[in-house]
Undergrad: 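Please read through the structure below; I'll follow up with questions.
First the proteins, then the strands, lettered A, B, ... as listed; each starts at 1.
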Number of protein chains: 2
Amino acid sequence: MARKTGSHSEITGPLIRQAAEELFAEHGYAAVSMRQIAAKVGVQAGALYNYTADKQSLLFDMMQAHMDDLLAAWGAEDKGQGPMDALEAFTRFHIRYHLARPKAVFIAYMELRNLTPENFQVIEDLRKTYETHLEDILQAGKDDGAFTLADTKLAAMAVIAMLTGVTTWYRDDGRLTQDRIERVYWNMVRKAVGA
Amino acid sequence: MARKTGSHSEITGPLIRQAAEELFAEHGYAAVSMRQIAAKVGVQAGALYNYTADKQSLLFDMMQAHMDDLLAAWGAEDKGQGPMDALEAFTRFHIRYHLARPKAVFIAYMELRNLTPENFQVIEDLRKTYETHLEDILQAGKDDGAFTLADTKLAAMAVIAMLTGVTTWYRDDGRLTQDRIERVYWNMVRKAVGA
DNA sequence: GCTTGATCTGAACGATTGTTCATTTATCAC
DNA sequence: GTGATAAATGAACAATCGTTCAGATCAAGC
């Protein structure tokens with residue numbers, strides 16, 4: 001009963017990635033079976049292997065794409081003039097970007113230990129690159145006296161943890177608009193770095 | 001070949017909990033088998049069921065104990081005088097307590113979705129109780145003018161996320177002493193709440 | 001030294017896992 | 001229509017899963 005109506009190859013592939021993302025985010029990589037993913041797409045388990053080498057690739061490709069997109073999006077972002085503008089841009093960008101794709105973010109943080117060592121290193125390097133972008137902003141602001149920071153690296157970790165934390169409690173139908181959250185957080189970040 | 005030397009019941013129980021904690025923290029609950037836990041203790045899988053009803057209880061009991069201990073420890077903590085002292089006490093306590101038991105903390109944050117709905121609710125309530133302790137401090141400080149906060153709930157989430165983030169990068173043999181980390185973070189928290 | 005009871009083994013259970021592959025089906029080009 | 005090819009089925013694979021339990025083994029009480 002293969003190929004019921006029309007050609008499926010350009011549709012099944014994305015559907016599989018989407019189903020995998022939703023299931024991984026909800027139950028965790030290790031707790032999700034290939035058969036569950038297939039069932040969500042409406043296909044048998046064997047068909048998945050026309051689109052992915054194995055289960056691990058499904059996870060890795062998804063995480064790598066997420067990190068690549070994140071870095072590209074930040075690269076394309078308008079960063080204004082000087083460290084202060086850049087830090088506000090980073091704060092707002094990070095919140096906005098992460099809230100727009102909660103599942104991918106969740107997976108990127110939770111499933112690191114389910115990557116093979118080689119795959120883990122690739123993702124870890126991308127994550128480190130992103131962190132360094134923030135660290136560079138903070139360092140520049142410290143150098144020109146805009147920020148007061150005891151430890152730039154620590155501050156970078158603190159800011160990222162604080163901002164990413166938003167994804168754990170934010171709800172689309174919640175009490176606060178996204179713009180208000182951005183403004184409140186930017187206020188806290190600004191004060192925390194002594195500006 | 002049961003019972004090689006001496007009575008083991010008082011020793012095997014804790015060993016199982018410890019082995020489970022280490023394995024869950026390293027590989028995740030779903031990725032760890034009862035046989036792996038048993039092997040780490042040096043026992044057959046069947047023996048585990050003298051000490052736990054099932055795998056789920058192993059996870060739940062461990063998470064509940066962690067949250068109970070956390071709440072009890074904060075209850076016993078010296079909170080000084082007024083919101084400012086209390087916030088510093090909370091900041092330092094949270095960092096110190098969490099860095100002392102990284103595995104339990106990691107599990108408590110990562111394995112929530114592997115709890116049954118009933119078990120999840122119990123842990124979630126305990127987590128919420130802890131959050132409320134911080135929220136109360138911030139609210140008291142806002143009321144008496146010690147803190148400047150646009151949104152108390154948001155600030156509580158931001159502070160907890162920032163502090164808990166320490167566990168993701170801290171290493172015992174790292175660049176910074178624990179006391180220095182506490183001081184740097186307290187400085188950032190203090191400034192972030194406008195005090 | 002025998003009995004009792006706690007503790008563990010070792011085998012077994014049905015179910016499920018990721019993955020492979022021969023086969024079937026549907027579509028497209030001609 | 002016919003042949004080629006892409007796409008999916010469905011059965012099969014060895015391995016592993018959580019859990020149960022009868023039986024073996026040891027320590028302690030009398």
Side-chain angles (χ1 to χ4, degrees), chain A residues 1-24 26-63 107 111 113-119, chain B residues 1-21 23-24 26-63 107 111 113-116 118-119:
Chain A
M1 254 184 293
R3 297 262 250 46
K4 285 178 206 121
T5 70
S7 184
H8 284 172
S9 75
E10 292 138 21
I11 252 193
T12 308
L15 278 185
I16 289 173
R17 284 187 283 276
Q18 186 187 326
E21 180 179 84
E22 288 175 11
L23 288 169
F24 288 169
E26 188 174 353
H27 306 292
Y29 172 79
V32 171
S33 72
M34 295 298 268
R35 283 173 181 81
Q36 285 176 58
I37 298 170
K40 186 150 193 158
V41 177
V43 103
Q44 294 297 317
L48 301 185
Y49 292 85
N50 289 326
Y51 303 92
T52 184
D54 48 30
K55 195 186 175 191
Q56 169 73 201
S57 299
L58 216 45
L59 176 64
F60 173 67
D61 291 348
M62 148 190 281
M63 289 177 72
I107 292 167
E111 304 297 353
R113 61 184 164 185
N114 285 312
L115 292 171
T116 63
E118 310 81 45
N119 287 345
Chain B
M1 254 184 292
R3 295 272 238 55
K4 285 177 208 125
T5 70
S7 183
H8 284 172
S9 75
E10 293 137 20
I11 256 196
T12 309
L15 278 185
I16 289 173
R17 284 187 283 275
Q18 186 189 325
E21 180 178 83
L23 288 170
F24 288 168
E26 188 174 353
H27 307 292
Y29 172 79
V32 171
S33 71
M34 295 298 268
R35 283 174 180 83
Q36 285 176 60
I37 298 170
K40 186 149 193 160
V41 177
V43 103
Q44 293 297 317
L48 300 184
Y49 292 86
N50 289 325
Y51 302 92
T52 185
D54 47 30
K55 195 187 175 191
Q56 170 74 200
S57 299
L58 216 46
L59 177 63
F60 173 67
D61 291 348
M62 152 189 275
M63 290 179 72
I107 292 168
E111 304 297 352
R113 61 183 163 184
N114 285 312
L115 292 170
T116 63
E118 311 82 44
N119 287 344

Undergrad: Taking the side chain as everything from C-beta on, heavy atoms only, tell me whether Arg17(A) gets closer than 4.5 Å to Tyr51(A).
TA: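 With C-beta onward as the side chain, the pair stays apart.
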Undergrad: Leu48(A) CG to dG10(D) P: how many Å, rounded?
TA: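 Value for this atom pair: 14 Å.
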Undergrad: Does Thr12(A) place a side-chain N or O at less than 4.0 Å from the phosphate oxygens OP1/OP2 of dA8(D)?
TA: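 Yes, Thr12(A) has a side-chain N/O under 4.0 Å of OP1/OP2 on dA8(D).
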Undergrad: Which protein N or O atoms sit under 3.5 Å from an N or O of nucleotides 18-22 of chain C?
TA:
unit_1  : atom_1 : unit_2   : atom_2 : d
dG18(C) : OP1    : Val32(A) : O      : 3.3
dG18(C) : OP1    : Lys55(A) : NZ     : 3.0
dG18(C) : OP2    : Met34(A) : N      : 2.9
dG18(C) : N7     : Arg35(A) : NH1    : 2.9
dG18(C) : O6     : Arg35(A) : NH2    : 3.0
dT19(C) : OP2    : Tyr49(A) : OH     : 2.7
dT19(C) : OP2    : Lys55(A) : N      : 2.9
dT19(C) : O5'    : Tyr49(A) : OH     : 3.3
dT19(C) : O4     : Arg35(A) : NH2    : 3.2

Undergrad: Take the protein atom CD of Gln44(B) and the nucleotide atom C1' of dT9(C), then report the distance between them rounded to whole Å.
TA: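 Value for this atom pair: 6 Å.
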Undergrad: List the residues meeting side chain to side chain donor-acceptor pair (under 3.5 Å) with Asn114(A), not counting sequence neighbours, and say none if there are none.
TA: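 Once residues adjacent in sequence are excluded, the partners of Asn114(A) under the side chain to side chain donor-acceptor pair (under 3.5 Å) criterion are Glu111(A).
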Undergrad: Pairs in or reaching into residues 26-52 of chain B: which pass salt bridge (Lys or Arg N to Asp or Glu O under 4.0 Å), with residues at least two apart or in two chains?
TA: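 Non-adjacent pairs meeting salt bridge (Lys or Arg N to Asp or Glu O under 4.0 Å): Glu22(B)-Lys40(B).
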Undergrad: Using whole Å, what does the distance between atom C1' of nucleotide dT7(C) and atom CD1 of Ile11(B) come to?
TA: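 To the nearest whole Å, that distance equals 14 Å.
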Undergrad: Within the distance-only criterion (no hydrogens, no angle test), does the side chain of Tyr29(A) pair as donor or acceptor with the backbone N or O of Gln56(A) below 3.5 angstrom?
TA: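 Pair found, side chain donor or acceptor close to backbone of Gln56(A).
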Undergrad: Do Ile37(A) and Leu58(A) pass the side chain to side chain contact (heavy atoms under 4.5 Å, CB included) test, and can you show the C-alpha distance, the side-chain angles, and the key distance before you say yes or no?
TA: CA-CA 11 Å; Ile37(A) 298 170; Leu58(A) 216 45; 3.9 Å; yes
Undergrad: What do the steps show when you test Ile16(B) against Thr52(B) for side chain to side chain contact (heavy atoms under 4.5 Å, CB included), and what is the final call?
TA: CA-CA 9 Å; Ile16(B) 289 173; Thr52(B) 185; 5.6 Å; no
Undergrad: Round to a whole Å and report the spacing from CG of Leu59(B) to P of dG18(D).
TA: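 Rounded to the whole Å, the gap is 13 Å.
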